[in-house]
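Reading through the structure tokens given below for one structure.
We count ligands from 1, going down the list as the structure has it; atoms in each ligand are counted the same way. The figures here come from the full heavy-atom set of this structure, side chains too, leaving out hydrogens, waters and symmetry mates.
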Amino acid sequence: METKDMLESFGLSKETIALGEKFEAELKERFEEIDRTAEYNQLKVIKAMQDNRLSDIHFAATTGYGYNDIGRETLEKVYASVFHTEDALVRPQITCGTHALTIALAAILRPGDELLSPVGKPYDTLEGVIGIKEQKGSLSEFGVSYRQVDLLEDGSFDYEGIRKAINTKTKMVTIQRSKGYQTRPTLSVERIGELISFIRSIKPEVVIMVDNCYGEFVEKKEPSDVGADLCVGSLIKNPGGGLVASGGYIAGKTEYIESCAFRLTAPGLGKEVGATLGINQSMFQGLFLAPTVVASALKGAIFAARIYESLGYKCIPNGTEPRYDIIQAVTLGSADKLIAFCGGIQAASPVDSFVVPEGWAMPGYNSDVIMAAGNFIQGSSIELSADGPITEPYAVYFQGGLTWYHAKLGILTSLDRVLKTAKD
Ligand SMILES: *Cc1c(COP(=O)(O)O)cnc(C)c1O
């Protein structure tokens, strides 16, 4: 049996398979470039593991307080090596990306301080954390103020606005690398570096945090290589490599990591406690796999963008521009196509392939939202997943793919269904 026949056995039409072959062939050079970045990052991770003398003993479980968990301590050293930072906090007790970011914000900011976002509105879940949206327990409730400078129309930094926004109260700056689910461009590490230099030229002592979600290992450099004091992210996204069941990380300066640890556990206890209950091995192995997993997700995103834009759908980013995160948006233009797309991603999943996703009234949204995810880890968005609000302009956001072959199957299956919907 040929691979083509296997694809047909998933119900794909010859037309869809042919489209896939055409664009895969066209993308050969682009994919090679992605592989070269993945190789560099793979070497960076192996080097970090070797330099920190990673050994079988580090995979053992600890319980209770988790004192002297040398696996956990080594994992944090390995992360610090990968991110070229003084220290890191990498824990299964950090429940998600929002939690990791909240820890960092609450660790640094004190009543009377001000937080600045020079890149526009942060990720939705942070609105309540900061207090942009009223929320019990927000930073605002603790007397921390917030200021925001939006990007200019063309996506560039509003340097004049940023200069004006920085004042004596400005203690911390938060920079979101990925566009998340907004339409602004994702920031390259180079651009983040330029922004950081500008901010430091005005106020050198300000603490600069980068929300690194979805950006890890997409480039050879990380924001900590260009001056960020703290890099923060989720382990059920890129750096977990699809293997980590739960967790988040914060990498940065020793002084700030200590504050983060005091906030996560308790002042005085900090990094000393936190049993790992046998999860260390997956944390190391996931990090080891992360560069190639991210490469697979990137290939899937570019493959989809190239195909869909050739069919006349608007794609952000488009199929040829450089990538700085793994998220792909495709504007499908109708509810039927959005539902068909998500149904295809679900049907191509290794888990729950028999489930049919439907729109539901998700809290915090004004319209029904449809989600597709046949995941090994609940909510993991480094695994192939798609979602979108069922309303104008009917855009689907999708990301992930632990292997390129799965990403390809998912995209072709969704394409097959969208094409059939268009014909009806
Ligand atoms: C995913 C993400 C977060 C955090 O989300 P969680 O669902 O809490 O892990 C924050 N910022 C960005 C840009 C993200 O993509």
TODO: Have a look at E127 and tell me which of K121, Q135, K133 forms a side-chain hydrogen bond (donor to acceptor under 3.5 Å, both in side chains) with it.
DONE: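 Result for side-chain hydrogen bond (donor to acceptor under 3.5 Å, both in side chains) with E127: K121.
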Could you tell me whether [X] approaches ligand 1 through its side chain, its backbone, both or neither, with non-hydrogen atoms closer than 4.0 Å?
X: Q176; result: side chain
X: L126; result: neither
X: D211; result: side chain

TODO: Check whether the ring centres of F198 and Y159 lie less than 6.0 Å apart, and answer yes or no.
DONE: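 Yes, they do, as the ring centres are separated by less than 6.0 Å.
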- [ ] Using the ring of Y324 (Phe, Tyr or Trp, six-membered ring only), decide whether R177 places NZ or CZ under 6.0 Å from its centre and within 45 degrees of its axis.
- [x]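 No, R177 does not sit over the ring of Y324.
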- [ ] Specify the protein heavy atom at minimum distance from atom 9 (O) of ligand 1: its residue, its atom name, and the distance to 0.1 Å.
- [x]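 Atom 9 (O) of ligand 1 sits closest to the protein heavy atom G97 N, 2.7 Å.
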Task: Protein contact of atom 8 (O) of ligand 1 - nearest heavy atom, named by residue and atom, plus distance - done: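 Minimum-distance protein heavy atom for atom 8 (O) of ligand 1 reads T98 OG1, 2.5 Å.
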- [ ] Check whether any side-chain heavy atom of K44 lies under 4.5 Å from a side-chain heavy atom of H84, and answer yes or no.
- [x]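 Of all side-chain heavy-atom pairs linking H84 with K44, at least one is under 4.5 Å.
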- [ ] Decide yes or no for T292 and S296: does some side-chain heavy atom of the first lie under 4.5 Å from some side-chain heavy atom of the second?
- [x]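 They are not in contact (no side-chain heavy atoms under 4.5 Å apart), so the answer is no.
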Open item on the list: Quick check on ring pair (Phe, Tyr, Trp, His ring centres under 6.0 Å): which of Y308, W404, F398, F23 does F303 satisfy it with?
Closed with: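 So, applying the ring pair (Phe, Tyr, Trp, His ring centres under 6.0 Å) to F303 and each of Y308, W404, F398, F23, only W404 qualifies.
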Task: Close-contact set for ligand 1 against Y214 heavy atoms, below 4.0 Å - done: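 Answer for ligand 1: 15 (O).
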Task: Where ligand 1 meets C96 - atom numbers and elements under 4.0 angstrom, heavy-atom basis - done: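 Those atoms are 8 (O), 9 (O).
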TODO: May I ask which of K179, Q399, K237 has a heavy atom nearer to atom 3 (C) of ligand 1 than the others do?
DONE: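 Considering heavy atoms of K179, Q399, K237, the nearest to atom 3 (C) of ligand 1 sits in K237.
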Atom pairs and distances, donor-acceptor, side-chain atoms in residues 227-238, under 3.5 Å, two or more places apart:
| unit_1 | atom_1 | unit_2 | atom_2 | d |
| --- | --- | --- | --- | --- |
| D229 | OD1 | R200 | NH2 | 3.2 |
| D229 | OD1 | K253 | NZ | 2.7 |
| D229 | OD2 | R200 | NH2 | 2.9 |
| D229 | OD2 | I208 | N | 2.8 |
| S234 | OG | I236 | N | 3.1 |
| N238 | ND2 | Y214 | O | 3.1 |
| N238 | ND2 | E216 | O | 3.0 |

Open item on the list: Would L101 count as a polar contact of ligand 1, with the cut-off being nitrogen or oxygen pairs under 3.5 Å?
Closed with: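 Checking ligand 1 against L101, no N or O pair falls under 3.5 Å apart.
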